[in-house]
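These numbers come from the heavy atoms of this one structure, side chains and all, not from hydrogens, waters or symmetry mates.
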Amino acid sequence: MRPSNTVSGALLGLGVAAFADETVFHQLLHWHHFYDKSTPAVGLVSDGVFHAVSFFAAVASLFLLASLRRTGSWQPRRWWGALLTAAGVFQLYDGTVQHKLLRLHQIRYDVDVTPYDWTWNIIAVALIVAGVVLLARSRTDRVAEPA
């Protein structure tokens with residue numbers, strides 16, 4: 001069975017988006033934790049679990065990418081399309097479901113979050129659109145047959 005360009009790209013997209021969120025907003029800026037409905041200690045643990053999952057997704061993606069490259073079946077446009085789409089879907093899911101519906105955390109507290117929410121979700125939609133365009137254009141790409 002051939003490894004999938006779409007799965008590899010999507011796993012790295014999820015991993016990179018989660019890693020950026022965790023590193024920038026959780027660790028560097030201290031704006032929130034993954035789970036803010038409990039104590040700060042629980043918030044730190046939730047950040048650790050979140051960070052570990054994103055790391056494993058990225059590592060799995062890179063193993064798949066290495067296999068794709070080794071077999072000559074890597075389709076860069078499809079792979080990048082999946083990466084951008086998954087990163088955008090992760091961000092849109094975080095901004096709508098986790099922030100607003102479940103209220104696990106907000107981007108920031110004690111400020112008007114409206115501009116943050118709009119920025120977050122507009123970037124998510126832009127990533128999804130760019131990724132879907134690349135995926136659509138990749139349908140005509142040819143795959144090299146393994147030797």
Side-chain angles (χ1 to χ4, degrees), residues 1-37 43-109 111 113-147:
M1 181 173 158
R2 278 188 159 174
S4 168
N5 280 276
T6 305
V7 171
S8 174
L11 283 173
L12 193 58
L14 292 172
V16 168
F19 175 82
D21 179 24
E22 165 69 18
T23 302
V24 174
F25 299 107
H26 299 210
Q27 295 177 3
L28 295 176
L29 297 174
H30 296 221
W31 282 1
H32 63 261
H33 295 291
F34 180 77
Y35 186 73
D36 279 337
K37 292 179 137 184
L44 277 176
V45 170
S46 71
D47 284 349
V49 171
F50 179 55
H51 203 66
V53 170
S54 70
F55 180 76
F56 286 124
V59 169
S61 166
L62 295 177
F63 273 107
L64 287 172
L65 177 60
S67 179
L68 289 166
R69 302 275 310 215
R70 184 175 38 79
T71 60
S73 56
W74 186 49
Q75 296 175 286
R77 195 177 344 217
R78 173 166 294 280
W79 190 85
W80 280 104
L83 184 149
L84 293 173
T85 302
V89 167
F90 167 84
Q91 191 161 330
L92 190 59
Y93 168 79
D94 186 40
T96 55
V97 175
Q98 293 184 348
H99 293 181
K100 298 304 170 197
L101 295 176
L102 300 176
R103 299 193 172 275
L104 295 179
H105 60 261
Q106 295 295 316
I107 291 178
R108 294 190 71 178
Y109 295 96
V111 297
V113 294
T114 304
Y116 295 98
D117 287 339
W118 277 103
T119 303
W120 189 258
N121 291 327
I122 286 171
I123 291 171
V125 171
L127 287 168
I128 292 169
V129 169
V132 168
V133 167
L134 284 176
L135 285 170
R137 289 184 178 174
S138 73
R139 289 183 180 174
T140 58
D141 292 347
R142 293 179 179 251
V143 178
E145 292 297 324

Solution key, residues 126-139 side-chain donor-acceptor pairs under 3.5 Å, sequence neighbours excluded:
from	atom 1	to	atom 2	distance (Å)
S138	OG	R78	NH2	3.3
S138	OG	L135	O	2.7

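Remark: K100 engages D117 in a salt bridge (Lys or Arg N to Asp or Glu O under 4.0 Å) (not counting sequence neighbours). Remark: A124 engages Q91, L92 in a side-chain contact (heavy atoms from CB on, under 4.5 Å) (not counting sequence neighbours). For T96, the side chain to side chain donor-acceptor pair (under 3.5 Å) test picks out no residue, with sequence neighbours left out. With sequence neighbours excluded, no residue forms a side chain to side chain donor-acceptor pair (under 3.5 Å) with R103. Remark: T114 engages D112 in a side chain to side chain donor-acceptor pair (under 3.5 Å) (not counting sequence neighbours). Here H105 pairs with D94, H99 under the side chain to side chain donor-acceptor pair (under 3.5 Å) rule; sequence neighbours left out. In this structure L44 satisfies the side-chain contact (heavy atoms from CB on, under 4.5 Å) test together with H33, sequence neighbours excluded. Remark: F56 engages A52 in a side-chain contact (heavy atoms from CB on, under 4.5 Å) (not counting sequence neighbours). Contacts of T119 classified as side-chain contact (heavy atoms from CB on, under 4.5 Å), with partners at least two apart in sequence or in another chain: I123. Considering only residues two or more places apart in sequence or on other chains, Y116 meets the ring pair (Phe, Tyr, Trp, His ring centres under 6.0 Å) condition with W31.
Looking at heavy atoms from C-beta onward, N121 lies out of side-chain contact with V125 at the 4.5 angstrom threshold. By the 4.5 Å heavy-atom criterion applied to side chains, H32 and R108 are not counted as neighbours.
Contact record, A86 with A10: CB-O, 3.3 Å, taken as the closest heavy-atom pair. Across W79 and S61, no two heavy atoms sit closer than the pair CZ2-OG, 4.4 Å. The shortest non-hydrogen separation linking A57 to L11 is O-CB, 3.6 Å. For the pair F34 and S46, the tightest heavy-atom approach, listed with the atom from each and the gap, is CB-OG, 3.6 Å.
Put simply, CH2 on W74 and CG on D141 are 11.5 Å apart, with the number rounded to the nearest 0.5 Å. A distance of 13.5 Å separates CD of Q106 from CZ of F25, quoted to the nearest 0.5 Å. To the nearest 0.5 Å, atom OG of residue S4 and atom CG of residue L68 are 7.5 Å apart. From Q27, atom CD reaches atom NE2 of H51 across 5.5 Å, with rounding to the nearest 0.5 Å. Rounding to the nearest 0.5 Å gives a distance of 10.5 Å between OG1 of T23 and CG of L29.
Legend: salt bridge (charged side-chain N to carboxylate O under 4.0 Å, His left out) pairs involving residues 16-36, not counting sequence neighbours: none detected.
Other residues, nucleotides and ligands contribute at most 12 non-hydrogen atoms within 6.0 Å of the CZ atom of F19. Counting heavy-atom neighbours within 6.0 Å of W120 CH2, excluding the residue itself, gives a total above 12.
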